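These notes concern the structure reproduced below.
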Amino acid sequence: MGRVVVAGSINMDVVATAERHPRVGETVAGHEVLYFPGGKGANQAVAASKLGAPTMLIGRIGVDAFGAQLRTFLAAQGVDVSFVQQTAAAHTGTALITVASADNTIVVIGGANAHLTVDDVSSAPLARGDVAVSQLEIPLATIAAFFTRARATGATTILNPAPAVAFDHALLGLVDILVLNETELGVLAGTELRDSDEDATFIDAARRLRVNKTQIICVTLGRRGALALADDTPLVIPGHAVTAVDTTGAGDCFVGALAARLAEGAAIRDALDYANLAASICVQRMGAAPSMPTAVEVGAVLKTV
Ligand code: ATP
Ligand code: RIB
């Protein structure tokens with residue numbers, strides 16, 4: 001079995017729950033404030049680890065209480081944190097999240113995540129059969145160096161280009177599997193997409209975006225599930241009907257589960273189905289990293305579908 005190695009962000013999520021989201025300039029009374037471990041890198045690493053993959057996270061935290069709590073939490077989830085370093089230059093990444101009607105708005109302040117350097121990833125322990133995973137909450141140059149190293153070792157690379165920003169085409173060329181939501185696909189493909197668009201519209205955009213025919217593009221579509229373009233074949237992965245309470249980290253669960261399954265040697269279709277099921281469990285719980293399901297939980301639901 002291969003390993004999952006994630007280079008990515010580590011945040012403390014400060015979550016306010018409310019009946020509805022405030023409009024700009026408006027104040028609404030909330031229900032409670034909650035602190036959850038989060039950050040796209042950390043969430044994806046926790047998902048992969050809880051689903052049974054030997055997992056390492058490469059990241060940066062500040063010299064502060066949030067950083068110490070997050071390191072302890074990650075280690076308790078079985079994530080190898082030996083490449084998580086402290087930096088005195090900034091505070092631990094923090095996300096201010098409002099959750100209302102199962103939907104969220106997020107303001108993320110990168111802090112220490114912006115200090116993850118090319119050097120930090122240069123000795124990442126990667127080998128053929130491993131899966132290297134990253135997202136856009138760390139510097140682009142660091143991601144490029146990480147994937148260049150991964151490619152040199154024969155590891156598979158997965159990029160989740162979130163939050164949505166346009167980036168250099170050279171980085172896209174280092175990606176084996178791109179997992180993104182419809183907003184991110186729209187930004188990268190230079191077209192406006194809505195979650196209500198037809199499957200064919202997403203597949204066309206994915207076809208235009210991919211750099212070659214071996215690159216796999218997977219578009220996550222919330223409750224609709226996901227679509228993928230693999231070997232020129234469109235794959236439809238229907239969503240599972242569940243009652244969502246908090247979708248924060250759903251995309252991260254999908255990516256972490258996909259990586260874990262591929263590291264185990266699964267075929268892409270099987271890995272996508274598994275990720276879709278894992279993410280449907282994640283949305284039924286509050287919080288990002290703590291809502292990631294275990295392999296036993298996914299296995300139990302698998303027996304019923
Ligand atoms: P986030 O940024 O909140 O993590 P995202 O936009 O990156 O989310 P989504 O496309 O919303 O990601 O969701 C990722 C996956 O989670 C979906 O492909 C699906 O498998 C699952 N999912 C999300 N919302 C639901 C839901 N309401 N019901 C069932 N599954 C869901
Ligand atoms: O994808 C969800 C994550 O995005 C949250 O945990 C938050 O930290 C932001 O980075």
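This one's a predicted model, so the numbers in the text were calculated from it and none came from an experiment. Just follow the structure's listing: the first ligand is 1, and inside any ligand the first atom is 1.
Note on ligand 1: Gly239 sits outside its first shell, no heavy atom being nearer than 4.0 Å.
Taking all heavy atoms of Asn160, Asp13, Ile97 into account, the minimum distance to atom 6 (O) of ligand 2 is reached by Asp13. Compare Ala279, Gly225, Ala275 by their heavy atoms: the one nearest to atom 18 (O) of ligand 1 is in Gly225. Distances from atom 26 (C) of ligand 1 to the heavy atoms of Arg223, Lys40, His240 put Arg223 nearest. If you check each of Ala278, Cys218, Gly222 against atom 22 (N) of ligand 1, the one with the closest non-hydrogen atom is Gly222.
Near Ala95, meaning under 4.0 Å from any of its heavy atoms, are these atoms of ligand 2: 7 (C), 8 (O). Applying the 4.0 Å criterion to heavy atoms of Ala288 picks out, from ligand 2, the atoms 6 (O). For ligand 2, the atoms closer than 4.0 angstrom to any heavy atom of Gly38 are 6 (O), 8 (O). Numbered from 1 in the order shown, with element, the atoms of ligand 1 that lie under 4.0 Å from a heavy atom of Val242 read 28 (N), 29 (C).
For the atom pair CD1 (Ile217) and CZ (Arg208), the distance works out to 11.0 Å, reported to the nearest 0.5 Å. Taking CG from Asp270 and CZ from Arg261, the interatomic distance works out to 4.5 Å, rounded to the nearest 0.5 Å.
Inclusion of Asp252 in the set of residues having an N or O under 3.5 Å from an N or O of ligand 2 is warranted. Ligand 1 has a nitrogen or oxygen under 3.5 angstrom from a nitrogen or oxygen of Asn181. Considering backbone and side-chain N/O atoms, Gly39 comes within less than 3.5 Å of an N/O atom of ligand 2. For ligand 1, the polar-atom distance check against Thr247 finds a nitrogen or oxygen pair separated by under 3.5 Å. Considering backbone and side-chain atoms alike, Lys40 places an N or O below 3.5 Å from some N or O of ligand 2.
Side-chain atoms of Asp176 and Thr157 include a donor-acceptor pair closer than 3.5 Å. With no hydrogens or angles considered, no side-chain donor-acceptor pair links Thr94 and Asn11 at under 3.5 Å. In summary, the side chains of His31 and Glu19 do present a donor paired with an acceptor at a separation below 3.5 Å, with no hydrogens or angles considered. Neither side chain, Asp103 nor Ser101, offers a donor N or O lying under 3.5 Å from an acceptor on the other. At a cut-off of 3.5 Å, with distance as the only test, no side-chain donor of Thr233 or Asp231 sits close to an acceptor on the other residue. Residues Ser122 and Asp119 have side chains that never bring a donor and an acceptor to within less than 3.5 angstrom of each other. In the model, Glu137 has no side-chain atom that pairs as donor or acceptor with a side-chain atom of Asn113 under 3.5 Å.
At a heavy-atom cutoff of 4.0 Å, ligand 1 is contacted by the backbone of Leu221 but not by its side chain. At a heavy-atom cutoff of 4.0 Å, ligand 1 is contacted by both the backbone and the side chain of Thr220. Contacts between Asn276 and ligand 1, counted as non-hydrogen atom pairs separated by less than 4.0 Å, involve both the backbone and the side chain. With a heavy-atom cut-off of 4.0 Å, Ala244 touches ligand 1 through its side chain alone.
The two residues Val28 and Arg20 have their closest heavy-atom pair at CG2-O, 3.7 Å.
Contact check on Asp232 versus Arg210 returns a salt bridge, with a Lys/Arg side-chain nitrogen under 4.0 Å from an Asp/Glu carboxylate oxygen. Electrostatic pairing of Asp199 and Arg224 counts as a salt bridge here, judged by a charged N lying under 4.0 Å from a carboxylate O. Taking the charged nitrogens against the carboxylate oxygens, Arg285 and Glu297 do have a contact shorter than 4.0 Å, which makes a salt bridge.
At the shortest separation from atom 3 (C) of ligand 2 among protein heavy atoms lies Asn43 ND2, 3.7 Å. Looking at atom 8 (O) of ligand 1, its nearest protein heavy atom turns out to be Gly251 N, 3.7 Å. Looking only at protein heavy atoms, the nearest one to atom 10 (O) of ligand 2 is Glu137 OE2, 2.6 Å.
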